[in-house]
Amino acid sequence: MNRLLDLLLHRIVRAGDLELIDSRGKPHRYGDGGGAPVVVRIADKRLERRLLRDPHLALGEGYMNGQLRMERGQVFDLLALLASNAQQRPAPNWTTGFDAARFLMRRIMQFNPIARARRNVARHYDIDGAIYDLFLDRDRQYSCGYFTDDIADLDEAQLAKKRHIAAKLALAAGQRVLDIGSGWGGLGIYVAKTARADVTGVTLSREQLSISNQRAAREGLQRSVRFELKDYRKIGGCFDRVVSVGMFEHVGVNHYARYFRKIRQLLAEDGVALVHSIGRSEPPAATNPFIAKYIFPGGYIPALSEMVHAIERSGLIIADIEILRLHYAKTLRAWRERFLANWDKAASIRDERFCRMWEFYLAGSEAAFRYQGLVVFQVQLVKRIDALPLTRDYMAEAEQRLLQQDDAVDARPRMAGE
């Protein structure tokens, strides 16, 4: 085994029980032996060298390509063990050269003009939609759920997320609502039904657009909900409410100022906007290279300082910020467990390599929320300082009303096939 790799693992892994079998079949032990044992085999000697040069990319590629194999435990167990140890003993500087270069190049990598933004979205969201049915909830909510003490189910958590966001928007009947990055239409349809609002959703995914409009038609909401294939930079009109969930991560740091200026331009004078985004609780950094290369090209998770700087320069006022901490870790665990339970179906749709790539993406993301400082920001914005009630009580009151509405819908008799 590469001696430097052995030294690196001994330096980082002090807690836990890790056994690594090198490409010659020789076992190496790391940690204090506590906790569930994790055993991993390196099947290709070249991977040992790549792990030294660029560990954040090589680990994911090695697992995806079958060069790194789990012999005991799952890949999440390996990533959690490494990430939890790295909290106390970060990797030495000589292993971070590629990461430093990526940080210097990040504005180039995140340059997302409209044509490139469309290509990036298609890479992820326009794959066979059956893949998403294997791990998402019934509503295809592809963002952080909202877990409370009495909610453990993914479908309930995603419904609670929609309630939580709708409550912060302080909605009223007849308001014009814009949903930037509307996904498969779930939030827009929920807002139209519960608040009797007029909703416009925009997406860059043709697959999402088709499904969203089909769903609105089935609900009989064609007059109150419409979905369009449009970049946020091309939207016109005036809206009482603007909401954006899980889309800001695709904007790119170069475009933050324009994004928030556009929200201000679209928002009515007494309007309210809410931006829900994954965020980092540390200073600005670079996108994880595996995620950037295989999962979300052009994507970036912002630091709050980066968002606030752009908001301040836009003329918008921050009315409220909430940090959701482990909610996304719980969401990702539910997605991962569902995906693993449907592995054979996913492999029949794509192949085994895709399944390993997707598992690593979900496992690595969960580990990042548990051990590497990722959180979710919900940032509420206004143009006028008096656009909302003086205290936050209105949020809790609206959330309770929506809960009662949702419970009433769940309790009503259903027709066959509904």
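On a predicted model such as this, the values are computed, not experimentally measured, just so you know.
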field: Gap separating the CG atom of Asp351 from the CE atom of Met357, nearest 0.5 angstrom
entry: 9.0 Å
query: Without hydrogens or angle criteria, can the side chains of Glu352 and Trp343 be said to hold a donor-acceptor pair below 3.5 Å?
result: yes
- request: Kindly state whether the ring of Phe354 and the ring of Trp358 have centres lying under 6.0 angstrom apart.
  value: yes
query: Hey, does Gln400 have a side-chain heavy atom less than 4.5 Å from the side chain of Glu397?
result: no
- prompt: Within a radius of less than 6.0 Å around CZ of Arg14, do more than 12 heavy atoms belonging to other residues, nucleotides or ligands occur?
  reply: yes
Inter-residue atom distance Tyr30.OH - Asp6.CG, 0.5 Å rounding: 3.5 Å
message: When you measure from the side chain of Arg280 to the backbone of Gly373, do you find a donor-acceptor pair of N or O atoms at a distance under 3.5 Å?
response: no
Validation row: Arg353, Asn65 side chains within 4.5 angstrom (heavy atoms): yes
task: Tell me, yes or no, whether the heavy-atom count around Arg233 atom CZ, taken from other residues, nucleotides or ligands under 6.0 Å, exceeds 12.
output: yes
- request: For a side chain to side chain contact (heavy atoms under 4.5 Å, CB included) with Leu9, tell me which candidate from Leu4, Leu20, Leu51 qualifies.
  value: Leu20
- request: Hey, could you give me each pair passing salt bridge (Lys or Arg N to Asp or Glu O under 4.0 Å) that has a residue in residues 239-250? Not counting sequence neighbours.
  value: Arg176-Asp240
message: Is the ring pair Phe248/Phe260 parallel, tilted or perpendicular, if the boundaries are 30 and 60 degrees?
response: tilted
query: Between Asp22 (side chain) and Lys26 (backbone), is there a donor-acceptor pair under 3.5 Å?
result: yes
task: Test side chain to side chain contact (heavy atoms under 4.5 Å, CB included) on Leu171 and Arg196 and set out the steps.
output: CA-CA 9 Å; Leu171 295 162; Arg196 300 190 303 280; over 6 Å; no
- request: Rounded to the nearest 0.5 Å, what's the gap from OH on Tyr232 to CG on Leu266? Could you check?
  value: 11.5 Å
field: For the student: nearest non-hydrogen atoms of Pro302 and Phe377, plus distance
entry: O-CE1, 3.6 Å
- request: Please confirm whether the backbone N or O of Ile235 pairs with a side-chain atom of Lys262, one donor and one acceptor, at under 3.5 Å?
  value: yes
query: Should Asp179 and Val191 count as side-chain neighbours, where that means a heavy-atom distance under 4.5 Å?
result: no
Do any side-chain atoms of residues 285-295 form donor-acceptor pairs under 3.5 angstrom with protein atoms, and if so which ones, sequence neighbours left out?
{"residue": "Thr287", "atom": "OG1", "partner": "Gly299", "partner atom": "O", "Å": "2.7"}
{"residue": "Asn288", "atom": "OD1", "partner": "Phe290", "partner atom": "N", "Å": "2.9"}
{"residue": "Asn288", "atom": "OD1", "partner": "Ile291", "partner atom": "N", "Å": "3.1"}
{"residue": "Lys293", "atom": "NZ", "partner": "Glu61", "partner atom": "OE2", "Å": "2.9"}
{"residue": "Tyr294", "atom": "OH", "partner": "Glu61", "partner atom": "OE2", "Å": "2.5"}

query: Taking the side chain from Ser212 and the backbone from Gly183, do they hold a donor-acceptor pair closer than 3.5 Å?
result: yes
Donor-acceptor contact below 3.5 Å, side chain His276 vs main chain Ile165: no
task: Rounded to the nearest 0.5 Å, what's the gap from CZ on Phe239 to CG on Asp198? Could you check?
output: 8.5 Å
Worked verdict on Asp406 versus Lys162 for salt bridge (Lys or Arg N to Asp or Glu O under 4.0 Å): CA-CA 11 Å; Asp406 294 339; Lys162 289 181 286 186; over 6 Å; no
message: Suppose we screen for side chain to side chain contact (heavy atoms under 4.5 Å, CB included). Which residues come up paired with Arg333, at least two apart in sequence or across chains?
response: Phe76, Arg336, Glu337, Glu366, Arg370
For residues 33-43, which side-chain N or O atoms pair as donor and acceptor with protein atoms under 3.5 Å away, sequence neighbours left out?
{"residue": "Arg41", "atom": "NE", "partner": "Glu71", "partner atom": "OE2", "Å": "2.6"}

field: Main-chain N/O of Val202 paired to Ser182 side chain as donor or acceptor, under 3.5 Å
entry: yes
- prompt: If you round to the nearest 0.5 Å, how far is CD of Glu359 from OH of Tyr63?
  reply: 3.5 Å
field: Plane angle bin for Phe135 and Tyr142 - parallel if under 30°, tilted between 30 and 60°, otherwise perpendicular
entry: perpendicular
Side chains of Thr194 and Gln405, donor plus acceptor under 3.5 Å: no
message: Is it true that Arg261 and Ser314 share a donor-acceptor pair across their side chains at a distance under 3.5 Å?
response: no
query: Is there a side chain to side chain contact (heavy atoms under 4.5 Å, CB included) between Phe360 and Leu79 once you walk through the steps?
result: CA-CA 9 Å; Phe360 192 89; Leu79 295 173; 3.9 Å; yes
- prompt: Which pairs with one or both residues in residues 76-88 pass side chain to side chain donor-acceptor pair (under 3.5 Å), sequence neighbours excluded?
  reply: Asn85-Arg89
task: Could you tell me whether a side-chain N or O of Glu48 sits under 3.5 Å from a main-chain N or O of Ser23, the two making a donor and an acceptor?
output: yes
query: Can you list every pair that meets side chain to side chain donor-acceptor pair (under 3.5 Å) and has a residue in residues 319-329, with sequence neighbours left out?
result: His164-Glu322, Lys168-Glu322, Asp320-Arg392
task: Without swapping roles, check the side chain of Ser277 against the backbone of Gly279 for a donor-acceptor pair under 3.5 Å.
output: no
4.5 Å side-chain heavy-atom contact, Leu274 and Val272: no
message: Tell me whether Ser210 contacts the main-chain N or O of Arg206 through its side chain, where contact means a donor paired with an acceptor under 3.5 Å.
response: no
message: Could you check whether any side-chain N or O of Ser348 sits under 3.5 Å from a backbone N or O of Lys345, counting only pairs where one atom can act as donor and the other as acceptor?
response: yes
message: Check Arg215 with Asp139, please: is the shortest side-chain N to carboxylate O separation under 4.0 Å?
response: yes
task: I would like to know whether Phe369 and Leu326 meet side chain to side chain contact (heavy atoms under 4.5 Å, CB included); could you show each step before the answer?
output: CA-CA 7 Å; Phe369 277 94; Leu326 290 171; 5.5 Å; no
- request: Return yes if a side-chain donor-acceptor contact under 3.5 Å exists between Tyr259 and Ser244, otherwise no.
  value: yes
task: Report the C-alpha separation of Asp128 and Glu207 in whole Å, then their side-chain angles, then the decisive distance to 0.1 Å, and conclude whether the side chain to side chain contact (heavy atoms under 4.5 Å, CB included) test is met.
output: CA-CA 9 Å; Asp128 192 318; Glu207 178 78 11; over 6 Å; no
message: Is there a side-chain contact between Arg119 and Arg123 in this structure, where contact means two heavy atoms from C-beta onward sitting under 4.5 Å apart?
response: no
message: Quick check for you: to the nearest 0.5 Å, what is the distance between Met395 atom CE and Leu169 atom CG?
response: 9.5 Å
query: Any idea how His250 and Phe296 line up, ring-wise: parallel (<30°), tilted (30 to 60°), or perpendicular (>60°)?
result: perpendicular
